[in-house]
Amino acid sequence: MAGHRAQWKGFLKVGEVSCGVALYTAASTSDRIAFNTINTATGNRVNRVFVDSETEEPVPKEQQVKGFEIDDGRYVLIDPEEIAATVPDSNKTLEIEAFISCGAVDDVYFDKPYYLTPDRTSADAFAILRDGMKADKVAAIARAVLFRRMRTVLIRPHGKGLIATTLQYDYEVRSATKAFESVPKIKIEGEMLDLAKHIISTKIGEFDPATFDDRYEEALAALVKAKVEGKSLPKRKKVEVSQPNDLLAALRESAGLSKKSEDKPNRTAANANKGTVRQRAARGAAEKSAVSKAAPQRKAG
C-alpha cells in the first residue's frame, strides 16, 4: 500500500499452498485532536516522571523493572530479558487452521482489523485463496505470532484483498450474562410493539460510514477555535429520558400519530429508502392498529 508501512510481513499458508503477505493497519486514531498537559503556573508543558511510591523520589529509567504483586507490598521482579524469553518463536506464518461461515464469530471477540495484501511474487496464490473463500462464503481462522504475542486471526475477503482481524481470547471477553443480569424481564406487546415496529420501518437505511461524523472530535475542534478567538460555546441541551408513563405518548409522537408531531417533518436515517410496498402496507396497518386499539400495560415476564 502506497504511503503506508507494513506492520508485519510473513506468509499465509493453507495445506501446501502459501503466499507472501503483509499486514497494514486498517484503522488509526492518529488524526484525532491531541492535548498536552500544561503547568498553569508557568504555561510550560509537563513531562511525565516516575517516582518512588514511598520516598517520592524520581526513579531513573535504568532502575525501573517490571514487577508482579504476590502480596500486599511484595513483588516478584521480572527482568526485560526474562519477558523477551517468554515470547513464542515466530516462523512468520499465518497458518490457516479452519474455514468457518462468515458470521460464526461473535463480533464481541473482534480486536483490531488489518489489511492483508500479497507480495509481488504471490498474487496468483493469494487470488486463488481469496476467490475460493468468496465463492464458498467462508472466513478463515489462522494463528501466528504477531507483535510479540501468539494471536488468533479471523481472515475474510474484502474487495481485491483480505481483512485480518485479531481476536480477543475467551478469558478476555467478559460474560454477557453477568452484564445483563440486572435487566428486568419485560414483555412488550400490543400497540407499543406495533408502534415500535412502525418507527423502525420508517428508518430502514444502509450503513455508510462517510455520513457519520465524529461529533466529539468536531466539538473539540470548535472548543479550541472558540478558546483561541475568545468566544463561548452554547450550553449542551439536556436529554430527557422517557419515563414509563410517558413512553406510549413518546412512541405515538415518534410515529407521527400525535398532535404535537403534526407540525414536525419525519426524520429518516442516513440513506434511508422510501420503503417497499410491503413496508408501506405495514405502516398503514400499524397506524390503523394504533388508532383502533386501546393501549395495554407492560407485562412483567
Side-chain angles (χ1 to χ4, degrees), residues 1-34 66 78 80-174 207-212 214 216-217:
M1 293 176 61
H4 291 77
R5 183 174 63 86
Q7 299 297 304
W8 179 88
K9 289 184 178 182
F11 303 91
L12 178 62
K13 187 175 187 296
V14 55
E16 298 303 317
V17 178
S18 63
C19 56
V21 293
L23 287 177
Y24 295 87
T25 301
S28 173
T29 60
S30 61
D31 289 335
R32 290 180 181 174
I33 292 176
K66 302 294 183 182
I78 309 294
E81 294 79 9
E82 294 173 319
I83 294 177
T86 65
V87 177
D89 292 334
S90 173
N91 61 1
K92 288 290 186 178
T93 301
L94 270 168
E95 183 83 31
I96 293 179
E97 298 183 353
F99 292 100
I100 61 175
S101 62
C102 288
V105 179
D106 190 325
D107 57 10
V108 73
Y109 286 91
F110 289 6
D111 179 23
K112 191 172 182 180
Y114 295 88
Y115 294 125
L116 188 61
T117 66
D119 63 22
R120 295 181 179 179
T121 62
S122 300
D124 289 345
F126 184 89
I128 289 172
L129 181 59
R130 177 201 62 204
D131 292 350
M133 292 171 64
K134 280 184 180 180
D136 284 348
K137 298 180 180 180
V138 296
I141 291 290
R143 286 167 61 83
V145 176
L146 301 174
F147 321 123
R148 299 176 63 83
R149 288 196 65 187
M150 176 62 74
R151 298 178 187 268
T152 305
V153 179
L154 178 69
I155 300 174
R156 294 166 291 168
H158 186 80
K160 296 195 299 181
L162 298 168
I163 290 285
T165 304
T166 53
L167 299 179
Q168 306 279 7
Y169 285 105
D170 191 52
Y171 75 88
E172 296 175 311
V173 176
R174 296 182 175 179
F207 176 67
D208 180 0
T211 64
F212 293 91
D214 187 341
Y216 176 71
E217 196 73 6

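Note that the structure is a prediction, hence the values are computed from the model and not measured. Note that these values count all heavy atoms, side chains included, but never hydrogens, waters or copies made by symmetry.
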To the nearest 0.5 Å, how far apart are [atom1] in [X] and [atom2] in [Y]?
X      : Y      : atom1 : atom2 : value
Lys160 : Phe126 : NZ    : CZ    : 11.0 Å
Arg148 : Ile83  : CZ    : CD1   : 8.5 Å
Thr165 : Tyr109 : OG1   : OH    : 15.5 Å
Leu94  : Lys13  : CG    : NZ    : 12.5 Å
Leu116 : His158 : CG    : NE2   : 12.0 Å

[X] to [Y] - nearest heavy-atom pair and separation:
X      : Y      : value
Ala164 : Val153 : CB-CG1, 3.6 Å
Met133 : Pro157 : CB-CG, 3.7 Å
Phe110 : Arg156 : CE2-NH1, 4.0 Å
Tyr115 : Thr25  : CD1-O, 4.1 Å

Is there side-chain contact between [X] and [Y], with at least one heavy-atom pair below 4.5 Å?
X      : Y      : value
Gln168 : Val108 : no
Glu217 : Arg32  : yes
Leu162 : Leu12  : yes
Leu167 : Asp111 : no
Glu82  : Thr86  : no
Leu23  : Leu146 : yes
Tyr114 : Ile163 : no
Tyr169 : Met150 : yes

Is it true that atom [atom1] of [X] has more than 12 heavy atoms of other residues, nucleotides or ligands lying nearer than 6.0 Å?
X      : atom1 : answer
Asp31  : CG    : no
Lys134 : NZ    : yes
Asp107 : CG    : yes
Phe11  : CZ    : no
Lys66  : NZ    : no

- Message: Keeping Arg151 on the side-chain end and Thr166 on the backbone end, is there a donor-acceptor pair under 3.5 Å?
- Response: no

With no hydrogens and no angle check, is any side-chain donor or acceptor of Ser122 less than 3.5 Å from a backbone partner on Cys19?
no

Quick one, Leu129 with Ile155, criterion side-chain contact (heavy atoms from CB on, under 4.5 Å). Give me CA distance, side-chain angles, the key distance, then yes/no. CA-CA 11 Å; Leu129 181 59; Ile155 300 174; over 6 Å; no

